Student: 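Just dropping this structure here.
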Amino acid sequence: MSTSPPTTAPLTLPQAAPTPLTDAGGARLGFGDAFTSSMATALWHEDTGWSELDFSPRRPLVVDPAMVSLHYGQVVFEGLKAYRLPDGRMGVFRADAYGRRMQRSASRFAMPQPPVDLFVAAVTGLAARDASWLPDDPSAALYLRPILVATDASLALRPSRNYAFMVIAFVTGGFFSDEPEPITVKVERKYVRAVRGGTGAAKCAGNYAPTYLVQSAAAAEGAHQVVWLDAVERRYVEELGGMNLFFVHGSGSGAVITTPPLSDSILPGITRDTLLQIAQDLGYRVQEAPIDVARWREGSVSGEITETFACGTAATVTPVGTVLDGDGPWKVGSGVAGPVSLRLRAELRRAWLGQSTIASEWVQVAEPAAEGTRS
């Protein structure tokens, strides 16, 4: 039996050049498939703290099969976007807010918190480095994926003593579509996404794989996403897949916008927070209040609830047109994007590009970072 170490096949990467959002045959590339050529890395050790931030070509990782993150799930991550600004530079939207959320997720998993300035330097530096990958397409953005993983080769039931913080990127359009096309969602009655006291408020790898089974079943019924309810009473709306939900009561200047209040079973979306601030700035009345799924249905049927929309970094503002439930489907409003959803979607885009008054400090211009940058 050979004792020579196993070999790892090299990862073939395309050259760094503008990439369309469709393949050679004109088919739209899937979300998360069009990766750029660079990555940012910083390492942490319990004795020495954080290393210098390094930018390099994206490359495979060589890991030990006993790595802690593979067995015990010490993995947290983030997702944010960079856009080409009107002056041609790249801008990263609310990088510091995403950095603080990663710190909260890391703390929940007994992991070292990447300093916010390290996080910001990593995402802005990578956005500047791979800006040439972004095509001349107003719907396109660079989706940045920071990830923090435990790297010890140990199966002891303890936190790792070594960690790797990395950022990679891919080119993307809208998660569902580049247009505000309404989606169909399915209310999940059997399974739950998160429980009080658990990890639902952290952006961790383990929150996502358990949803695949339910998501696949919902897709088979024609739904795009799953509506997750609270784990105790199975009555109150919490999240839509990896997105937060908003409900519009009434119309016109008197419209009231409601979203479920945050708890430790709901991820505190940065886009959710952004829209709450934008909506208030536009003069809407906004409130955080529990949404009973039965009342959601009744309100939609009666016309009291005129719009429902999902929001997230990937989904932006996506209207919900039809809801599937055990007692039969129902339509929200007219089943298409409503005026409040469209207005907030447009204002969110203005904020991404630094064109909104309220968002004047939300865009971090991406400047090329020096190699070996230390936070």
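Since we're looking at a predicted model, the values are computed, not measured.
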Student: With a 6.0 Å cut-off (strictly less than), is the heavy-atom count around CZ of R285, excluding the residue itself, greater than 12?
Tutor: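 No.
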Student: So with a 6.0 Å cut-off around CZ of R295, is the heavy-atom count from everything else above 12?
Tutor: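 No, because the 6.0 Å sphere around CZ of R295 holds 12 heavy atoms or fewer from other groups.
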Student: Can we say R84 and D136 salt-bridge, meaning some charged N sits less than 4.0 Å from an Asp/Glu carboxylate O?
Tutor: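 A salt bridge is absent here (no side-chain N lies under 4.0 Å from a carboxylate O).
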Student: Check whether any side-chain heavy atom of W228 sits under 4.5 Å from a side-chain heavy atom of L240, and report yes or no.
Tutor: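 No, every pair of side-chain atoms sits at 4.5 Å or beyond.
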Student: Do T211 and V226 have side chains that approach each other closer than 4.5 Å (heavy atoms only, starting at C-beta)?
Tutor: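 Heavy-atom side-chain distance check fails, nothing below 4.5 Å.
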Student: Between F165 and F119, how do the two ring planes meet: parallel, tilted or perpendicular, split at 30° and 60°?
Tutor: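 Tilted, since the angle between the ring planes falls between 30° and 60°.
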Student: Among V340, V336, V320, I257, whose side chain to side chain contact (heavy atoms under 4.5 Å, CB included) with E307 holds?
Tutor: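 The option that passes is V340.
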Student: So if I apply the side-chain hydrogen bond (donor to acceptor under 3.5 Å, both in side chains) rule between Q277 and each of T274, D273, D281, which one comes out positive?
Tutor: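 Of the listed residues T274, D273, D281, the side-chain hydrogen bond (donor to acceptor under 3.5 Å, both in side chains) partner of Q277 is D273.
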Student: Could you please spell out the steps behind the side-chain contact (heavy atoms from CB on, under 4.5 Å) verdict for T199 and R108?
Tutor: CA-CA 8 Å; T199 62; R108 179 63 179 83; 3.8 Å; yes
Student: State whether R129 and E367 are salt-bridged, where the test is any N-O pair (Lys NZ or Arg NE/NH1/NH2 against Asp/Glu carboxylate O) under 4.0 Å.
Tutor: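 Salt bridge absent between R129 and E367.
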Student: If you group Ile, Leu, Val, Met, Phe, Trp and Tyr by side-chain heavy-atom gaps below 4.5 Å, do V68 and L157 land in one group?
Tutor: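 Yes, because V68 and L157 connect within a single hydrophobic cluster, where side-chain heavy atoms sit under 4.5 Å apart.
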Student: Donor-acceptor pair, R58 side chain versus S37 backbone, under 3.5 Å?
Tutor: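 Not a single qualifying donor-acceptor pair exists.
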Student: Looking at Y191, I'd like to know if its OH atom is crowded, meaning that more than 12 non-hydrogen atoms belonging to other residues, nucleotides or ligands lie closer than 6.0 Å.
Tutor: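 At most 12 heavy atoms, drawn from other residues, nucleotides or ligands, come within 6.0 Å of this atom.
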Student: Flag the pair E78 and K203 as a salt bridge only when some basic side-chain nitrogen lies within less than 4.0 angstrom of an acidic carboxylate oxygen.
Tutor: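 Looking at K203 together with E78, the answer is no, because their closest N to O distance does not fall below 4.0 Å.
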Student: Taking the six-membered ring for Trp, are F246 and F309 parallel (under 30°), tilted (30 to 60°) or perpendicular (over 60°)?
Tutor: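 Because their plane-to-plane angle is under 30°, the rings of F246 and F309 count as parallel.
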Student: Find out if a path of hydrophobic residues (ILVMFWY) with successive side-chain heavy-atom gaps under 4.5 Å connects I183 to V214.
Tutor: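 No, I183 does not connect to V214 through the hydrophobic network.
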Student: Please evaluate residues R189 and D325 with respect to the criterion salt bridge (Lys or Arg N to Asp or Glu O under 4.0 Å), reporting the C-alpha separation (whole Å), side-chain torsions for both, the decisive distance (0.1 Å), and the verdict.
Tutor: CA-CA 8 Å; R189 298 284 186 173; D325 200 2; 2.6 Å; yes
Student: Is a donor on one side and an acceptor on the other found under 3.5 Å between the side chain of E188 and the backbone of K190?
Tutor: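 Yes; at least one donor-acceptor contact below 3.5 Å.
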Student: Under 4.5 Å between any side-chain heavy atoms of Y83 and M90, yes or no?
Tutor: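 No - every pair of side-chain heavy atoms lies 4.5 Å or more apart.
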Student: Using modelled atom types and a 3.5 Å cut-off, is there a donor and acceptor pairing between side-chain atoms of E288 and backbone atoms of T258?
Tutor: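 No.
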Student: Using modelled atom types and a 3.5 Å cut-off, is there a donor and acceptor pairing between side-chain atoms of Y72 and backbone atoms of L155?
Tutor: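 Yes; at least one donor-acceptor contact below 3.5 Å.
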Student: Under the 3.5 angstrom rule, does the side chain of E347 hit a backbone N or O of I278 as a donor-acceptor pair?
Tutor: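 No, because the side chain of E347 does not come within donor-acceptor range (under 3.5 Å) of the backbone of I278.
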Student: Quick check on the hydrophobic clustering: are L61 and V75 connected, directly or via other members, by side-chain heavy-atom contacts under 4.5 Å?
Tutor: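 Shared cluster, yes.
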Student: Could you see if L275 belongs to whatever hydrophobic cluster contains L342? Use Ile, Leu, Val, Met, Phe, Trp, Tyr and a side-chain cutoff under 4.5 Å.
Tutor: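 In one cluster: no.
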Student: Any ion pair linking R158 and D152 (charged N to carboxylate O, less than 4.0 Å)?
Tutor: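 A salt bridge links D152 with R158.
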Student: Would you call the rings of F35 and F170 parallel, tilted or perpendicular if under 30° counts as parallel and over 60° as perpendicular?
Tutor: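 If you compare the ring of F35 with that of F170, the planes turn out perpendicular.
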Student: Using a 3.5 Å distance criterion without hydrogens, assess whether the side chain of R193 forms a donor-acceptor pair with backbone atoms of S265.
Tutor: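 Confirmed, R193 side chain pairs with S265 backbone.
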Student: Check step by step if side-chain contact (heavy atoms from CB on, under 4.5 Å) holds for V363 and V92.
Tutor: CA-CA 6 Å; V363 176; V92 182; over 6 Å; no
Student: Within the side chain of H249, is there an N or O that forms a donor-acceptor pair under 3.5 Å with the backbone of G299?
Tutor: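 Between the backbone of G299 and the side chain of H249 there is no qualifying donor-acceptor contact (under 3.5 Å).
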Student: Show your working on ring-ring contact (aromatic ring centres under 6.0 Å, His included) between W352 and W362 and close with a plain yes or no.
Tutor: CA-CA 8 Å; W352 294 339; W362 282 350; over 10 Å; no
Student: Indicate, with yes or no, if L43 and Y163 share a hydrophobic cluster defined by side-chain heavy-atom contacts under 4.5 Å among Ile, Leu, Val, Met, Phe, Trp and Tyr.
Tutor: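 No: no chain of side-chain contacts under 4.5 Å links Y163 to L43.
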Student: Just by distance, do the side chain of K81 and the backbone of T313 share a donor-acceptor pair under 3.5 Å?
Tutor: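 Yes, because the side chain of K81 sits within donor-acceptor range (under 3.5 Å) of the backbone of T313.
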Student: Would a distance-only check, ignoring hydrogens and angles, find a side-chain to backbone donor-acceptor pair under 3.5 Å from S302 to E298?
Tutor: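 Yes, the answer is positive, given that a donor and an acceptor are paired below the 3.5 Å cut-off.
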Student: Do the side chains of D96 and R100 get close enough for a salt bridge, i.e. N-O under 4.0 angstrom?
Tutor: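 Yes, charged N to carboxylate O under 4.0 Å.
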Student: Do any N or O atoms from the side chain of T151 and from the backbone of N162 form a donor-acceptor pair under 3.5 angstrom?
Tutor: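 Judged by distance alone, yes, a pair lies under 3.5 Å.
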